[in-house]
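Shown next, in structure tokens, is the structure this report addresses.
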Amino acid sequence: MPDSLPHREEEIRTLARILITSLKGDTPSNIMIYGMTGTGKTVVSKLLMKALQDKSEILENQYFSFFMDIHSTFMPTWLDNALREAVSFLGIEELFGREVIRDIFKPVKCIYINCQQMDTQYRVLTQIANRLTPFNDEDRLPVSGLPMDEVHSRLLGKLDSSDSLIIIILDEVDRLVFKSGDDVLYTLTRINEELSNSRVSLLGISNNLHFLEYLDSRVKSSLGAEELVFHPYNANQLRDILKQRSEEAFYPEAIDYDVISYCAALAAQENGDARKALDILRVSAEMAERDHSPKLSDIYVRQAQKKIEMDRVNQVVRTLPLQTKLVLYSILQLKLGGRIKTTTKEVVETYSNYAQRLDLTVLGRRQVVNLMGELDKLGLIQSKVISFGRHGRTTVVEANVPSTEILNNLHNGILSRLKGIRPRLIYNTSF
DNA sequence: TATCCACCGGAAGCCTTGGGGG
DNA sequence: CCCCCAAGGCTTCCGGTGGATA
Ligand SMILES: Nc1ncnc2c1ncn2[C@@H]1O[C@H](COP(=O)(O)OP(=O)(O)O)[C@@H](O)[C@H]1O
């Protein structure tokens, strides 16, 4: 976690003002944060949670009446100042009257859930429960097996017995909803009604700005009580971030200002993604070092950008489920055979052919289309529906990755048996 | 301008997998 | 040991549709 987060001061201030009330026993409103990847949603949220927990721990041990008396040991001063600013903005310097302290104050606990991995109701709820349970405790919830009502009541027990204010971060919550529906969110937004000792407050993070519109209206108003958008960084902001981070981490003297600016400019084009910017800089530095190059030049930066993208694609391809691999394989073979663009029908036929040769179950048209949808989401192919008027409609597909290289990658394992088998090109429609 | 092709893609339901509890 | 249940992978069913053509 970086020491500071340039160009997120405003967002941090806003969040601090909402969340700081947790220190005087209130339950902060639920919050939704939106923004593209790499706009700092996760770091900012995690950092604030850490700060709150830190303050809360001190408060828990010492029961100060005034916020200004709480001095944390490790917290960076800028962050401490942000919290203090929020406190004075809200005029809540005096946290508690002496007598009521023990009645009102609840320790703040934060739970971070990445919904990309925890993408079912069962997993999310058990994960929350288990974060409140010691690792070797015997009543941790199992990864599967229990009926949901059992999970639900055990979760309630865990929450209530922790006797605290629990802030749950649901990162990539849009993925969870698109995959498993909003039932979990419904449960979580209403869970306070079933608790007597504890309170739950939610912080959702979404890439999709219109995420709330997919929700049940009751969930919508609760989860979206406070909304905040993290806008993409521009090139100048990215440059500041890179500068700040490279001073912390890399080899300061070897990186000159032009290279940083260049990385920033490239990443600015990619939706202002700070992660991308940092990756490009880091990888190009590694490449230059490997070459014993005294200077980190633009050439390395461009190479790094290519390498990062290629690594990502190869990684994704390698971890694809078998049938999905075979569908991609078919599309790439068609491309190699001259079909830059092809159609669903042709893909399905080629695929079936290959699947038969491999003695795999041959999936039907519908499922192949689903798998093509997956490939599209992953950015490996591009598909779009076009109409031939009287002659019906179809989806035209185009591979988005270099065929030879990716085919090579796919030629591991079972698919290697398909080496050298060309697809048959039957249709001669042109687009 | 109404038709109608040939496929799209949502919804629901089926079957299987795998762990838990009684 | 048997039955319960969530989830994943897949099929079945079917209403929907953009636009060239009659
Ligand atoms: N303002 C910033 N200053 C320094 N580093 C940042 C800043 N914003 C993002 N980063 C870094 O960029 C990367 C991606 O940020 P992250 O919070 O994961 O983005 P998001 O959650 O929006 O996709 C992280 O490594 C983070 O440390």
Side-chain angles (χ1 to χ4, degrees), chain A residues 113-130 133 136-158 172-188 210 213-216 319-331 334 339 341-352 354-356 358-378 381-398 414 426-431:
Chain A
I113 307 273
N114 187 333
C115 300
Q116 219 175 358
Q117 293 136 37
M118 306 296 144
D119 58 359
T120 65
Q121 309 185 48
Y122 189 96
R123 289 209 265 265
V124 170
L125 297 186
T126 52
Q127 183 74 9
I128 294 170
N130 285 341
T133 316
N136 45 7
D137 202 301
E138 78 282 350
D139 62 288
R140 286 176 72 82
L141 303 200
V143 292
S144 77
L146 300 178
M148 281 308 291
D149 54 358
E150 178 74 14
V151 171
H152 188 253
S153 63
R154 291 226 224 159
L155 172 63
L156 282 180
K158 290 286 183 190
E172 321 249 8
V173 62
D174 44 342
R175 298 218 176 212
L176 171 66
V177 170
F178 288 132
K179 194 177 160 242
S180 310
D182 61 2
D183 291 6
V184 214
L185 295 185
Y186 187 77
T187 307
L188 288 175
H210 307 292
E213 290 159 26
Y214 298 91
L215 302 180
D216 174 286
T319 53
L320 247 30
L322 182 58
Q323 296 277 18
T324 316
K325 274 186 182 166
L326 195 52
V327 172
L328 178 62
Y329 186 86
S330 310
I331 294 170
L334 284 165
R339 281 280 198 277
K341 297 185 176 186
T342 181
T343 62
T344 305
K345 193 175 187 188
E346 209 162 40
V347 174
V348 170
E349 269 171 40
T350 320
Y351 154 84
S352 313
Y354 284 137
Q356 261 167 10
L358 292 175
D359 269 327
L360 294 176
T361 34
V362 183
L363 304 179
R365 193 256 334 167
R366 190 64 185 83
Q367 182 61 6
V368 173
V369 168
N370 281 344
L371 298 182
M372 283 167 60
E374 298 292 316
L375 293 173
D376 194 322
K377 272 190 230 151
L378 292 168
I381 64 175
Q382 270 179 340
S383 50
K384 117 167 173 253
V385 182
I386 66 164
S387 169
F388 297 107
R390 193 73 177 204
H391 306 293
R393 304 136 57 71
T394 187
T395 305
V396 171
V397 201
E398 184 177 2
I414 306 182
I426 311 148
Y427 310 97
N428 45 5
T429 29
S430 56
F431 311 104

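Every chain is numbered from 1, with letters handed out A, B, ... down the list of sequences.
Among the heavy atoms of the strands lying under 4.0 Å from A:K179 are primed sugar atoms or P, OP1, OP2 only; no base atom is included. Contacts of A:R154 with the nucleic acid, taken as non-hydrogen atoms under 4.0 Å apart, involve only primed sugar atoms and P, OP1 or OP2. At a threshold of 4.0 angstrom between heavy atoms, the contacts of A:Q323 are confined to the sugar-phosphate backbone, with no base atom among them. A:T344 comes within contact range of the sugar-phosphate backbone alone, with a heavy-atom separation under 4.0 Å but no base atom that close. Residue-level contact check: A:T395 touches the backbone only, with heavy atoms under 4.0 Å from sugar-phosphate atoms and none from bases.
When each of C:dT11, C:dG8, C:dA6 is scored by its nearest atom to the side-chain atoms of A:M148, the top-ranked nucleotide is C:dA6. Proximity note for A:S387 (side chain, C-beta onward) versus B:dG19, B:dC8, C:dG18: the nearest is C:dG18. Side-chain proximity of A:Y122 to the nucleotides C:dC10, C:dA6, B:dG9 is greatest for C:dA6.
Within the structure, every side-chain polar atom (N or O) of A:R390 is placed at least 4.0 Å from both OP1 and OP2 of B:dT1. OP1 or OP2 of B:dC7 has at least one side-chain nitrogen or oxygen of A:K345 nearer than 4.0 Å. For the OP1/OP2 pair of C:dA7 and a distance below 4.0 Å, the side-chain nitrogens and oxygens of A:T120 include at least one atom meeting the criterion.
In the interface, the side chain of A:R366 is paired with the base of B:dG10 through a donor and an acceptor atom under 3.5 Å apart. Judged by atom type and distance alone, A:R393 does not reach the base of C:dG19 through any side-chain donor-acceptor pair under 3.5 Å.
Side-chain N/O atoms of A:N130 and A:Q127 include no donor and acceptor closer than 3.5 Å.
A:E349 has its CD atom 10 Å from the P atom of B:dC7, to the nearest Å. In this structure, A:F178 places its CZ atom 17 Å from P of C:dG8, rounding to the nearest Å. For the pair A:E150 CD and B:dG22 C1', the interatomic distance rounds to 12 Å; values are reported in whole Å. Remark: C1' of B:dG10 and CD of A:Q367 are 14 Å apart, rounded to the nearest angstrom. Between the CD1 atom of A:I386 and the P atom of B:dA6 there is a distance of 15 Å, given to the nearest Å. We find that CG of A:L363 is positioned 17 Å from P of C:dG8, with the value rounded to whole Å. Distance, A:N370 CG to B:dC8 C1': 11 Å, rounded to whole Å. Between the CG atom of A:L146 and the C1' atom of C:dC5 there is a distance of 9 Å, given to the nearest Å.
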**Study point:** Pair A:L360-A:Y354, side chain to side chain contact (heavy atoms under 4.5 Å, CB included): steps then yes or no
**Key:** CA-CA 9 Å; A:L360 294 176; A:Y354 284 137; over 6 Å; no
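For the pair A:K158 and A:D139, the salt-bridge criterion is met [side-chain N within less than 4.0 Å of a carboxylate O].
For A:T344 (side chain) and A:T394 (main-chain N/O), no donor-acceptor pair under 3.5 Å exists by modelled atom type. With hydrogens and angles ignored, the 3.5 Å screen pairs a side-chain donor or acceptor of A:R140 with a backbone N or O of A:T133.
Nearer the 5' end of DNA chain B, as judged by each residue's closest nucleotide, is the contact made by A:H391, out of A:P142 and A:H391.
A:L375 places none of its side-chain heavy atoms less than 4.5 Å from the side chain of A:V397.
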